[in-house]
Amino acid sequence: MSLCATASREAAEPLAGTAATARTWLLVEQTGPWGAKALTASHLDPALGRALEAAAKGTGVRVALIRRPGRHADRHDATRHRLFLAHTAPGRSWIRTTTVADPQSALGLDFAALGAGEHGDLWEPYTGEPLVLVCTNGKRDRCCALLGRPLAADLAAAGTEVWEVTHIGGHRFAPTLFVLPYGYAYGRTSPSLAADAVAAARNGRIALDHCRGRSTWDRPAQAADLAVRELLGEDRADVLDVVHTDRLPPQAPTRSQPPPPQAPTRPQAPAPSPGSTSPHDTTSRDTAPHDTAVTGEEAPAWTVTLAHSDGRAWRVTVEQRADGAPAPASCGAPLDPPARMAVTAVTAVTATEDSPTLSG
C-alpha cells in the first residue's frame, strides 16, 4: 500500500513550518463516523457545520470536531457535547470549556473577539492536563487512521487527556499531534515523543524534536520561531513572540536555490498578509497557502522579526523552496515538489532596530 506518510518520511521532508494556522480553536465533540469534510459530513447537522465555517471565516478561529479514542459506532444517541475554546498566542494562551445539549449554541459566539484572544469569561476555565489532539480522520486521509488511531489509543491508555480530531493539517506527517494551550504541532509522532511533548507542556515548555510549529503564526513565522529555539536551545513556550513578518521582493533563482526538475504543480493560492492566518482549511487535500511549490522568480521569501522576553531580538530570513523529491501531499494525490520553509539566516538585532515587544 502506497502511503503519503511513508513517502514523506523516506524523502526526509522537513517538519518545521508545516503546522495548521489558527490563533484560536473551537473544538466540538461529535461522536460517530466523520467524512472527509467532517463539519458537513458527520452526525453534526450539516447546516450547523456550514454556519460555523462561515462564522469563523477570516476571524483567526479554526473549527474542528473531536471525539474520544476507541470504537466509533454509527451512533445518533449522543445527548451531550463537550466544547473547547483555546487561544494560543504567547503569554495569553487559555482554554475554556463547557458541555451542551445542542452545539447550535456555538453560533452565538463572538468569533472576531475569540480570534483576538478575548473570551469575555465565557464558559469555565479548563484547568486540567494539557489537551492533546491526534488526527484520526481516515476519510480525509488513510494515514491519519492507520497511524493516528493507535497513537491516540496508546495515549488514552496512559491516562493522557487525549481526543481524536478531524483535521490539524499535514496528513503526510502522520501520526500528527497537537498540544494545547500553547498550540504546537508535532509530526511522525511516536508514543514516547508524544509523552515528552505532553510532559513539556505541563511545565510550560515545548518539545523541539519533531516539532512542526505554533499554530498562532503563519508558516514562515513558525519556521523562524523553531530556528531561533534551536539556536538558543530554548524550550520555554511563551518567551518568544513574532513581532512582524515582511514579504521580500521576488528574486531570481541562485545556485543555492536551483529550480527543481520539471513536474506538474498546482496554482499557488495568494500568500497571506504579514501575520495573517488561514482560518479553516476545507479542501479535500492538505493544501494550505504555503504548501504549494512555486519556483523561479515567484518563489516567495520573508523576514521574520522575533523578540525574547529578556529583551533580545532576531531577524530571520525564510525562503519557500521546492528542491525536494516529488511526493504526494496526501494519499492518492499526484507527485508534486513539496514546498518547505528554509531558514537561510538568523541575525541578532537590537530593540531600537525593530522595537520588538512581546504581545502579552
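The structure displayed is predicted, hence computed values, not measured ones.
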Minimal heavy-atom distance between Gly170 and Thr176, with the atoms involved, is O-CG2, 3.3 Å

dist Asp218:CG -> Thr245:OG1 (nearest 0.5 Å) comes out at 5.0 Å

**Q.** N/O donor-acceptor pair under 3.5 Å between His81 side chain and Glu29 backbone
**A.** yes

Below 4.0 angstrom, N of the basic side chain to O of the carboxylate: do Asp196 and Arg205 qualify?
no

Interatomic distance, CG@Leu39 vs CG@Asp45, rounded to 0.5 Å, equals 11.5 Å

Worksheet entry | Derivation of the side-chain hydrogen bond (donor to acceptor under 3.5 Å, both in side chains) call for Arg188 and Ser8 | CA-CA 10 Å; Arg188 303 177 189 136; Ser8 177; 2.8 Å; yes

For Trp34, is the NZ or CZ atom of Arg67 found under 6.0 angstrom from the centre of its six-membered ring and inside 45 degrees of the ring axis?
yes

Check: Just by modelled atom types, is the His171 backbone N or O under 3.5 Å from a matching donor or acceptor in the Arg140 side chain?
Finding: no

Taken to the nearest 0.5 Å, the spacing of Asp141 CG from Cys331 SG works out to 4.0 Å

The reported gap from CD in Gln104 to CG in Leu44 (rounded to nearest 0.5 angstrom) is 9.0 Å

### Query
Side chain of Ser190, backbone of Leu193: donor and acceptor closer than 3.5 Å?
yes

message = Is any side-chain heavy atom of Cys135 closer than 4.5 Å to one of Phe173?
response = no

Donor-acceptor contact below 3.5 Å, side chain Asp241 vs main chain Ala307:
no

Can you confirm whether Arg82 sits close enough to Thr99 that some side-chain heavy atom of one is under 4.5 Å from a side-chain heavy atom of the other?
yes

Can a salt bridge be assigned to the pair Asp323 and Arg340 using a cut-off of 4.0 Å between side-chain N and carboxylate O? yes

I'd like to know if the side chain of Thr97 and the backbone of Leu83 have a donor-acceptor N/O pair within less than 3.5 Å. yes

Fill in: Check: Leu15 main-chain N/O paired with Thr18 side-chain donor or acceptor under 3.5 Å
yes

Of all heavy-atom pairs linking Gly35 and Asn137, the shortest is O-ND2, 3.0 Å

Check: Taking the side chain as C-beta and beyond, is there a heavy-atom pair between Leu226 and Gln222 under 4.5 Å?
Finding: no

Closest non-hydrogen atoms of Val343 and Ala223, given as atom of the first, atom of the second and distance, are CG2-O, 3.8 Å

Quiz item: Do Leu85 and His119 come within less than 4.5 Å of each other through their side chains, counting heavy atoms only?
Solution: no

In short, Ala174 meets Ala5 closest at the heavy-atom pair O-CB, 3.9 Å

Ala38 backbone acceptor or donor facing Thr166 side chain under 3.5 Å: no

Taking every heavy atom of Arg23 against every heavy atom of Ala89, the minimum-distance pair comes out as NH2-CB, 3.5 Å

*asked:* Please determine whether side-chain hydrogen bond (donor to acceptor under 3.5 Å, both in side chains) holds for the pair Thr216 and Thr88, giving the CA-CA distance in whole Å, both sets of side-chain angles, and the decisive distance to 0.1 Å.
replied: CA-CA 6 Å; Thr216 313; Thr88 62; 2.8 Å; yes

On a heavy-atom basis, the closest approach of Gln30 and Ser42 is CG-OG, 3.9 Å

In Ile168, Val165, Thr189, Leu133, the residue satisfying side-chain contact (heavy atoms from CB on, under 4.5 Å) with Leu177 is Thr189

### Task
Kindly determine whether Arg202 and Glu129 satisfy salt bridge (charged side-chain N to carboxylate O under 4.0 Å, His left out), including the steps that lead there.
CA-CA 7 Å; Arg202 189 180 296 123; Glu129 287 285 290; 2.7 Å; yes

For a 4.5 angstrom cut-off between non-hydrogen side-chain atoms, does Arg96 reach Glu124?
no

Can any side-chain N or O of Arg62 pair as donor or acceptor with the backbone N or O of Leu27 at less than 3.5 Å? no

Interatomic distance, CZ@Arg142 vs CG@Leu147, rounded to 0.5 Å, equals 11.0 Å

In this structure, CG of Leu26 is separated from OG1 of Thr24 (nearest 0.5 Å) by 10.0 Å

Walk me through whether His308 and Leu232 qualify under side chain to side chain contact (heavy atoms under 4.5 Å, CB included). CA-CA 11 Å; His308 195 287; Leu232 303 179; 4.2 Å; yes

query = Would Thr317 and Leu248 satisfy side chain to side chain contact (heavy atoms under 4.5 Å, CB included), going step by step from the backbone distance to the final call?
reply = CA-CA 9 Å; Thr317 304; Leu248 294 175; 4.2 Å; yes

Which of Trp25, Tyr184, Tyr186, Phe84 passes ring-ring contact (aromatic ring centres under 6.0 Å, His included) with Phe178? Answer is Trp25

Exercise. Within a strict 4.5 Å, meaning less than it, do heavy atoms of the Thr344 and Arg321 side chains meet?
Worked result: yes

Min side-chain heavy-atom separation Val228-Glu234 under 4.5 Å = no

#### Entry: His43 side chain reached by Pro33 side chain, heavy atoms, under 4.5 Å
yes

With a 3.5 Å distance limit and no angle check, can you tell me whether Ser215 reaches the backbone of Ala22 through a side-chain donor-acceptor pair? yes

_Quick check against the 3.5 Å criterion: does Arg68 have a side-chain atom that pairs as donor or acceptor with the backbone of Val162?_
yes

